[in-house]
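For reference, the structure discussed in these notes is given below.
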Amino acid sequence: RMSRRSLFGLGAAGAAVAGAGAVGARSLLDEPPVAHAASTSAPYPFYGEHQAGIVTPAQDRLHFVAFDVTTGDRAELIDLLQEWTAAAARLTQGKEAGSFGAVGGDPAAAPDDTGEALGLPASGLTLTVGFGPSLFDKRFGLADRRPAALADLPKFPGEQLVPEISGGDLCVQACAHDPQVAVHAIRNLARIGFGKVSVRWSQLGFGRTSSTSRAQATPRNLMGFKDGTNNLKLEDAALLREQLWADAGDGAAWMTGGTYLVTRKIRMTIETWDRTSLTEQEQIFGRDKGEGAPLGAKREFDPLDFAAKGPDGQPHIASNAHIRLAHPSSHGNAHLLRRGYNFVDGSDGLGRLDAGLFFIAYQRDPRKQFVPVQMRLAREDPLNEYIKHVSSGLFACPPGVRDASDYWGRTLFE
Ligand code: HEM
């Protein structure tokens, strides 16, 4: 059977362009994409210097997937990335995955879109791709292109990682305001990848746990606290350049304009948390629960004063409070762009909800950012009594796709 690309006699670029006015376009919106989506149904631009889905104001829903590459053929892997790019350029604009769509194709062949997003708008869908350390093993001749910053994460005290839901050669983060749209996108990428990749693990998330723009209100995690107050944000241009985006001087020139992603599935024992006193909960984080203000201050965005002491002579923000241990000033000014989601994967058969935080953080160099912060937290954070890290992922997210002639990861394979 011919591949979809050869069937249409088009490269990835042509497929994306040809798709623009094709039959079966599911979007009801014809206006061009805008940088700040005007509504939760509008699209975000797919093309750009950086991939979307990183500083994009965090959408409400997540479907994250990690794949193992099952082909050993480098050309097939490149072909897949080109097909994925063409599909992603369409899906993020509210169109079907292939230009024949779920309807209007060859009735003797499987449809080139699975159909469950027909009639739904773009819903702010972003698709962000990443390459795991295992992609740089000897299979594809990429060993000498592995960035130093993509060094395997060390073991952290107390973690209980499950290998089956950790790692992966490739990942795709789908974020959207509609879970059906996010799931549809991942499902179609998996379908397109049949025979070349297989799903290693995937995670659904609801309820963003971070703001990545000052225009957004701070959401709450499942412990009931505002999460994302002191996050790196879209508006922090100088900090993003310094702390988020890789550049040629970092050693791997192909990653210029890219960034590194760490995921951690963190299970919460919320039943125990829910029996913990409010005072203790607030002391653990160093913020109050209602407003999200630093302890000793009044408003959410009041500046942190770690030296301020109460009448008892003790610091308002405890010496081991989460926000003190994680703060950039405790790590030589290392910031993270957090972009996590709440999850509830049903219950565990022992009368407990299988719930927690699917932590996602982007940064320029995990060795200087995630690793020291997490090492400190793993050793000292009193929150550890209520959480358990069960999965871990590390990925190099290449720069953005410039236009319809470009594809995800081109700079890596040139
Ligand atoms: C801040 C919750 C895990 C890094 C916060 C805040 C909350 C919170 C409520 C305060 C609001 C804010 O500024 O965003 C949690 C929960 C976690 C968790 C419930 C686990 C289930 C982690 C992990 C890391 C991390 C694994 C990184 C390794 C940070 C950082 C801040 C922060 C950098 C900002 C500190 C500051 O500059 O003020 N977290 N967190 N957190 N957290 Fe976490």
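One-based numbering, in listed order, for ligands and for the atoms of each.
A salt bridge does not link Lys298 with Glu291: none of the charged nitrogens is closer than 4.0 Å to a carboxylate oxygen. With respect to Arg191 and Asp112, no salt bridge is recorded, no charged nitrogen being found less than 4.0 Å from a carboxylate O.
Of the candidates Phe225, Phe156, Phe285, Phe285 brings a heavy atom nearest to atom 2 (C) of ligand 1. Across Arg324, His322, His335, heavy-atom proximity to atom 8 (C) of ligand 1 is greatest for His322. Atom 20 (C) of ligand 1 has its nearest heavy-atom neighbour, among Asn231, Leu357, Leu337, in Leu357. The closest non-hydrogen atom to atom 19 (C) of ligand 1, taken over Ile266, Val371, Leu304, Asn221, comes from Asn221.
Within the structure, ligand 1 has Ile323 among the residues with a heavy atom less than 4.0 angstrom away.
Two rings, from Tyr341 and Phe206, have their centers 6.0 Å or more apart. Residues Trp201 and Phe67 place their aromatic rings such that the two centres sit no closer than 6.0 Å. Aromatic ring centres of His327 and Phe306: separated by under 6.0 Å. Taking the six-membered ring for Trp, Phe413 and Trp254 have ring centres at least 6.0 Å apart. Aromatic rings from Phe225 and Phe285 are positioned such that their centres are separated by under 6.0 Å.
Contacts between Leu377 and ligand 1, counted as non-hydrogen atom pairs separated by less than 4.0 Å, involve the side chain only. Residue contacts with ligand 1, taken as heavy atom pairs separated by less than 4.0 Å, involve Met223 solely via side-chain atoms from C-beta onward.
The protein heavy-atom contact nearest to atom 37 (O) of ligand 1 is His327 CD2, 3.1 Å. Looking only at protein heavy atoms, the nearest one to atom 11 (C) of ligand 1 is Lys226 O, 3.5 Å. What sits closest to atom 26 (C) of ligand 1 on the protein, heavy atoms only, is Gln374 OE1, 3.4 Å. Shortest contact from atom 33 (C) of ligand 1 to any protein heavy atom: Ala326 O, 3.4 Å. Of all protein heavy atoms, the one lying nearest to atom 12 (C) of ligand 1 is Thr229 N, 3.3 Å. Of the protein's non-hydrogen atoms, Leu383 CD2, 3.9 Å is the one closest to atom 16 (C) of ligand 1. Closest protein heavy atom to atom 27 (C) of ligand 1: Phe359 CZ, 3.5 Å.
Heavy-atom proximity to Pro328, at under 4.0 Å, picks out these atoms of ligand 1: 37 (O). Close contacts between ligand 1 and Ile387 involve ligand atoms 21 (C) [criterion: under 4.0 Å to a heavy atom]. Near Val373, the atoms of ligand 1 lying under 4.0 angstrom from a non-hydrogen atom of the residue are 27 (C), 28 (C). Atoms of ligand 1 found under 4.0 Å from any heavy atom of Phe370 (numbered from 1 in listed order, with element): 28 (C).
Relative ring orientation between Phe156 and Phe370 is described as perpendicular, the plane-to-plane angle rising above 60° on a 0-90° scale split at 30° and 60°. Trp273 and Tyr386 have perpendicular rings, their planes meeting at more than 60° on a 0 to 90° scale where under 30° would count as parallel.
Here's the thing with Asn230: one of its N/O atoms is less than 3.5 angstrom from an N/O atom of ligand 1. Residue Gly228 has at least one nitrogen or oxygen atom sitting less than 3.5 Å from a nitrogen or oxygen atom of ligand 1, judged on distance alone. Between Arg338 and ligand 1, an N or O atom pair is found at a separation short of 3.5 Å.
The neighbour count for Lys368 NZ, taken as heavy atoms of other residues, nucleotides or ligands under 6.0 Å away, does not exceed 12.
Within the cation-pi definition used here (under 6.0 Å to the ring centroid, within 45° of the axis), Lys265 does not qualify as a partner of Phe359.
Gln59 and Asp178 share no donor-acceptor pair across their side chains, judged by distance under 3.5 Å alone. For the residue pair Gln180/Glu116, the side-chain donor-acceptor check at 3.5 Å is not satisfied.
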